[in-house]
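A, B, ... follow the sequence lines: proteins, then strands. Residue 1 opens every chain. Only a predicted model underlies this, so the values are computations on that prediction, with no experimental measurement involved.
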Amino acid sequence: MSIPPTQPPQPDRSSAAPTAQGGITDAPPFRYDAKLADAIELRWQQHWEAEGTFHQSNPGEPDFEPDRPKYYVLDMFPYPSGAGLHVGHPEGYTATDIICRHKRMKGFNVLHPMGWDAFGLPAEQYAIATGVHPAITTRKAIDNFRRQLKRFGFSYDWSREFGTIDEDYYKWTQWIFLKLYDSWFDPQAESPVYPDGKRRRGCARPIADLLVQLEGGDLRVGAEGELVHAGSAAMNPLAAMGGGAEVIGLRRWHELDQKQRRAVIDSQRMAYLDQMTVNWCPALGTVLANDEVIDGRSERGGHPVMRKPLKQWQFRITSYADRLLSDLQLVDWPESTRTQQSEWIGRSEGAEIDFEIDSAVSGMNALRVFTTRPDTIFGTTYMVVAPEHPLVAAALGMKHDAALKAYVDAARNKSDVDRMAGAEKDKTGVFTGLYCLNPATGAKIPIWTADYVLMGYGTGAIMAVPAHDERDWEFAKKFALPIVEVIKDPKGGDVQEKCFSGDGVGANSSSVEVSLNGLGVAEAKKTTIAWLEKTSRGVRKVNFKLRDWVFSRQRYWGEPIPIVFDDAGNHYPIGADHLPVKLPDLADYSPVESDDPQPLLAKATGWVHTTAAQAGVSNELLPPNAIVRRETNTMPGSAGSSWYFLRYCDAKNSKRFVSREADAYWMGGLGTPALRAGSMNPPPGSESRGTQAAGVDLYIGGSEHAVGHLLYSRFWHKVLFDLGEVCTPEPFNKLFHQGMITSYAYQRPDKTIVPMDEVNEAADGRFVETATGVALSPVVTKMSKRYKNVINPDDIIAQFGADTFRLYEMYMGPLDASKPWNTKDTIGCFRFLQRAWRMTVDEQTGELKLAPAANPDVEKQLHRTIAKVDADIPRLAFNTAIAALIEFVNLATAPGVTRDQLERFALILAPFAPHMAEELWAKLGHTESIAYEPFPQPDPKQLVDREVEIPISIQGKVKHKIMVPTGADKAAIEKIAMSDPKVRELIAGKTLSKIIVVPGKMVNIVLG
RNA sequence: GCGGGCGUGGCGGAACUGGCAGACGCGCGGGACUUAGGAUCCCGUGGCCGCAAGGCCGUGCAGGUUCAACUCCUGUCGCCCGCACCA
């Protein structure tokens, strides 16, 4: 490193210059105002950039320091929009920057990268609106974001920067897609070893392994193409149901023809192509994932979303449901986020039960249902199937029923908005004309169809027990179906009046085969399932709400899916050595608004039609000159963000998506050799729940990603872990969500909101609408263009500088709380920096002015401040750390600080206000950046006083205070208290009942 | 409806494991320096009573546990976030 400037840049103040507050000033030349802050900050930002101060090398690189422990701090990378940075971005980014700067000073190798989540719908839509190619607008937005982030002085290692739209990057996104394409989930196999030393059951394996097992005869193929273990134990319990051990239609691999074999393999892939009902948004011209649909409307734009059958690429995330759920226990995440994920996964235990159909329906003799309440089977008085259930189509095929047909058609054509609105309204439904038999009672019961039963969950059919299920009860009441009580409410409620879904005792539940009478719910469930399994009428079953991840989008601005098709519609992967499949240029990339999905890339006809050799398909799969058609769907926005944290570890690698060494070091959690060998304790501040799962040490971002991004990333990471490509089962060890920064807005009495620039503040502090004079009340809302209450970070930096901005956002309140921005309050942080500056720098000359000798009170307070800041930073309690810094300056201003004290103060200020800290550090004569100087240690002796003041309470109320020696025991304190004249006076003439002494804390005297 | 979280001065917030409620900042009041101040500095600032000393009240509301409750328990009201016919 070169010698940094020791003189501050001389700002232009030749004439009366505007101050931060815009008035005319004759302020001294070295006053810390907006102009000087700007000069200092730009000077240091240029210096850091020129010197590569925050470049962090990887293991194996020349200047890598292997003896230091590692710490990987990740921000959720931004989606660069044309609007530029929002004040919400720097909130999380400042927090991580403080952590990183602190860790560096504590001797860690710190990985702190930044990049761009740049594919996606908004850029495409903006491009459509303006007619400019999304690549151009996106690059421009990235440049602006980068400029803004650099202006905050964040200590990113910019050498690792990339965007998801970079060919070097999406090449590997496509490579991961192919990894998923070329693997299957083996429920019998065990995962690689977790950091806890154990393996987990159920693991992704290469398709090649599946072929070996099929060819070797270990696996056979069932009637419906499912895999069955040759050892007779069915992999799919359903296959064993009904047919007993002798499974009909079990075939060996060599008995299958080419087409059948392909179908079996393709149906096992982790990435598979299948017809499914999708969320189709006609207005956006694309399919959306479940988490992109809010209340039946698109998350972006709020357009209606329809259900539509479509062939789509999907990921078998459901096969990981169990591990995604149980591994949540390994990570140090907010409770609310873990709860959200586990509810999204939605595990429920119950049984699948076959009800014999008591009507002649061709090809169907049983109706299979899923229930979590098998214990209520005796109370089943009717059945309900979803309108899309095959049984309904069968019923319609047998006999014309106008009412039934009308109902089914209506349900099919309903958008999700309408169907969900139905949830609020009455139950609807139609009798199908079919009956089945209750296996418990033998009673003949009707089969209805109703849209409150969803085809996508369970088997799309339920056994209705109106006595003990709220929804069934409502339906039964409406259609006058019988309600039979089979669980006695201990409180004696009447199920004809109100359904009872709590725990109680079985009743009316006895047959020749089984009796549940007198059993509690849990016991009755067990008994029922045992009976069902014994009589082959049903099996224990676990269901999940989680659906497979739909991965096809009909958009332009996304990663192409590296697949081609032959004439017969068979798909083939593109060889890894032919990646990336580059996104072709399109003359016209506007969407085709249509009820019938049209991928945009189909317009690139020259690109779509190619040969196997040109596309890069292995000639083992297809002859080189075979005519093929490229996949025209693209990947969703969540593709690139599902693994970007891995790329940062080794961003320039052209051989692998991340080198094994870089992954092991940065993601491994036990990066330091000494730590790995157990010869060193983890450094203080690193003790989290973590290293059970390892991964990124700290990940900060918004809670809106609690299910989408954070679940998808976990899934990809687990597949890569199972396939041996990465070394940890979880990507993010500690997760933290910053709260939303809101803003004030003004509300009329009718609750409508007035834009900020149409509001006047009256002299008495009340607010009125300028146009009407109507009185308004201030409310806290999301920042929004509509309310004109959006704060632009550039404006704040221009007014106060980046150090003030950083301090203010961290000082507003707890990091995870939602807080209102109040520009007025920023002045407090600005004044703090100004006072700190004035305390040590002569405002006329710019020279340091230091006290010749240390004031003991200042010294003591400095040690306490160091201890407080050092403890608060790892807790992410920046607001209280900053308060402590302010207190120190307030106390030290009058006596002044010595050179030695200023050094320590600059060091503890550095994580928060790095520019001023560097400036002071340089003024102190240092030639190296403050960034890697050791964080000061407090002297423990300075942290305790010889005497402490403790309160004396009488009857629990503080009446007096006394001084006692630190460490005095109960007896000593009681003696001091009782001999104190004031205390004697207070208790004179009263009867003592009890004296409670908490050493070092307080004394409470209880009178009789 | 279900799940999670939160209610503390005029405002943002602090208070570690039950032990002095209101740290720190904004705002406000007073003063200093000033031709001037929307700059800067100093003092004060939860409410009520009192000249003062001091007293009483006070962490959404109502109870409870405790020598002691912002903190724990029960009930209740309000706000925010997530999920929402998942059988």
Side-chain angles (χ1 to χ4, degrees), chain A residues 19-28 31 33 295 334-340 342-344 346 348 350 369-373 376 384 419-420 422-424 427 450-454 456-459 461-465 469-472 474-475 543-547 703-704 706-707 739-740 742 744 765 778 780 807-808 811-814 816-829 831-832 834-835 838 843 871 875 877 879-880 882-887 890 893-894 949-959 961 993-996 998 1000-1007:
Chain A
T19 63
Q21 287 66 38
I24 300 300
T25 181
D26 54 355
R31 166 151 300 172
D33 57 15
D295 293 337
E335 193 57 43
S336 63
T337 308
R338 294 195 298 171
T339 306
Q340 273 185 63
S342 64
E343 281 175 4
W344 187 264
S348 44
V369 302
F370 173 71
T371 179
T372 54
R373 294 297 302 275
T376 61
V384 186
R419 199 154 162 175
M420 286 196 173
E424 316 291 307
K427 293 271 181 292
D451 67 3
Y452 84 89
V453 172
L454 310 175
Y457 182 76
T459 63
I462 61 156
M463 57 178 227
V465 185
D469 181 279
E470 188 64 50
R471 297 148 300 184
D472 298 345
E474 252 179 66
F475 192 81
N543 257 335
F544 296 93
K545 286 188 206 170
L546 184 68
R547 312 291 159 83
S703 58
E704 67 273 18
V707 279
M740 198 196 327
T742 53
Y744 287 101
V780 167
L807 279 172
Y808 173 61
Y811 186 62
M812 286 170 78
D816 54 355
S818 153
K819 310 154 280 243
W821 179 280
N822 193 357
T823 302
K824 260 187 192 170
D825 289 353
T826 53
I827 192 78
C829 292
R831 283 179 191 150
F832 158 65
Q834 222 167 34
R835 282 199 303 273
R838 193 182 314 111
E843 291 187 307
R875 293 169 48 218
N879 53 336
T880 50
I882 294 167
L885 290 168
I886 295 173
E887 278 187 88
N890 290 348
T893 298
E949 186 187 56
I950 62 167
I952 307 243
S953 303
I954 293 173
Q955 305 293 66
K957 288 182 189 248
V958 177
K959 292 287 176 184
K961 287 171 184 175
S993 158
K994 203 170 172 187
I995 299 173
I996 290 133
V998 183
K1001 294 278 187 194
M1002 55 113 57
V1003 175
N1004 192 12
I1005 298 168
V1006 187
L1007 301 172

Next item on the list: For each nucleotide in nucleotides 18-27 of chain B, reading 5' to 3', give B when a protein heavy atom comes within less than 4.0 Å of its base, S when such contact involves only the sugar-phosphate, and - otherwise.
Entry: -BB--BBBSS

Nucleotide opposite [N] in a Watson-Crick or G-U pair, distances under 3.5 Å:
{"N": "C41(B)", "value": "G31(B)"}
{"N": "C2(B)", "value": "G82(B)"}
{"N": "C70(B)", "value": "none"}
{"N": "U76(B)", "value": "G60(B)"}
{"N": "G22(B)", "value": "none"}
{"N": "A14(B)", "value": "none"}
{"N": "A36(B)", "value": "none"}

[X] [atom1] to [N] [atom2]: how many Å, rounded?
{"X": "R373(A)", "N": "C85(B)", "atom1": "CZ", "atom2": "C1'", "result": "17 Å"}
{"X": "R838(A)", "N": "C42(B)", "atom1": "CZ", "atom2": "C1'", "result": "13 Å"}
{"X": "K819(A)", "N": "C81(B)", "atom1": "NZ", "atom2": "C1'", "result": "15 Å"}
{"X": "F475(A)", "N": "C85(B)", "atom1": "CZ", "atom2": "C1'", "result": "12 Å"}
{"X": "I1005(A)", "N": "A68(B)", "atom1": "CD1", "atom2": "C1'", "result": "13 Å"}
{"X": "E474(A)", "N": "G1(B)", "atom1": "CD", "atom2": "P", "result": "14 Å"}

Check: Do Y452(A) and D472(A) meet the criterion of a side-chain donor-acceptor pair at a distance under 3.5 Å?
Finding: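 Yes, D472(A) and Y452(A) have a side-chain donor paired with an acceptor closer than 3.5 Å.
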
Item checked: Side-chain N or O of K957(A) closer than 4.0 Å to phosphate OP1/OP2 of C57(B) -> yes

Check: Would one find a side-chain N or O of Q955(A) under 4.0 angstrom from OP1 or OP2 of A68(B)?
Finding: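 The answer is no; no side-chain N or O of Q955(A) sits under 4.0 Å from OP1 or OP2.
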
When rounded to the nearest Å, what value does the distance between [atom1] atoms of [N] and [M] take?
{"N": "C61(B)", "M": "C11(B)", "atom1": "P", "value": "15 Å"}
{"N": "U8(B)", "M": "U71(B)", "atom1": "P", "value": "13 Å"}
{"N": "C80(B)", "M": "C57(B)", "atom1": "C1'", "value": "31 Å"}
{"N": "G46(B)", "M": "C24(B)", "atom1": "P", "value": "12 Å"}
{"N": "G78(B)", "M": "C41(B)", "atom1": "P", "value": "46 Å"}
{"N": "C51(B)", "M": "G55(B)", "atom1": "C1'", "value": "15 Å"}
{"N": "G60(B)", "M": "C49(B)", "atom1": "P", "value": "24 Å"}
{"N": "A69(B)", "M": "G22(B)", "atom1": "P", "value": "16 Å"}

As a test of reading the structure: which of [options] is closest to the side chain of [X], going by heavy atoms?
{"X": "Y452(A)", "options": "G13(B), C85(B), C67(B)", "value": "C85(B)"}
{"X": "R31(A)", "options": "A39(B), G13(B), A87(B)", "value": "A39(B)"}
{"X": "Y744(A)", "options": "C41(B), G12(B), A14(B)", "value": "G12(B)"}

Quick check: do [X] and [Y] have side-chain heavy atoms less than 4.5 Å from each other?
{"X": "I886(A)", "Y": "R835(A)", "result": "yes"}
{"X": "F370(A)", "Y": "I462(A)", "result": "no"}
{"X": "T459(A)", "Y": "Y457(A)", "result": "no"}

Atom pairs, N/O to N/O, protein against nucleotides 3-9 of chain B, distance under 3.5 Å?
residue: G3(B); atom: O2'; partner: E343(A); partner atom: OE2; Å: 3.4

Check: Roughly how far, to the nearest 0.5 Å, is the CE atom of M463(A) from the OG1 atom of T371(A)?
Finding: 4.0 Å

Next item on the list: Would you give the length of the straight line joining atom NZ of K961(A) to atom CD1 of I952(A), rounded to the nearest 0.5 angstrom?
Entry: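 Taking NZ in K961(A) and CD1 in I952(A), the distance rounds to 11.5 Å.
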
Check: Which glycosidic conformation, syn or anti, is assigned to G13(B) if syn requires a torsion within 90° of zero?
Finding: anti

Notebook entry, point to check: With a 4.0 Å cut-off on heavy atoms, is S348(A) in touch with a base, just the backbone sugar-phosphate, or nothing at all?
Noted result: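 The residue S348(A) makes sugar-phosphate contact but no base contact.
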
Looking at [X] and [Y], what are the two nearest heavy atoms and their distance?
{"X": "P820(A)", "Y": "M812(A)", "answer": "O-CE, 3.3 Å"}
{"X": "N879(A)", "Y": "G813(A)", "answer": "ND2-C, 3.6 Å"}
{"X": "S953(A)", "Y": "M1002(A)", "answer": "OG-CE, 3.4 Å"}
{"X": "V384(A)", "Y": "A464(A)", "answer": "CG2-CB, 4.4 Å"}

Check: Taking the nucleotide of RNA chain B with the closest heavy atom to each, which residue, V1006(A) or P814(A), is nearer the 5' end?
Finding: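 Between the two, 5'-proximity favours P814(A).
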
Check: Short question: side chain of Y808(A), backbone of N822(A) - any donor-acceptor pair under 3.5 Å?
Finding: yes

Item checked: Intermediate values then yes/no, side-chain contact (heavy atoms from CB on, under 4.5 Å), V707(A) and E343(A) -> CA-CA 10 Å; V707(A) 279; E343(A) 281 175 4; over 6 Å; no

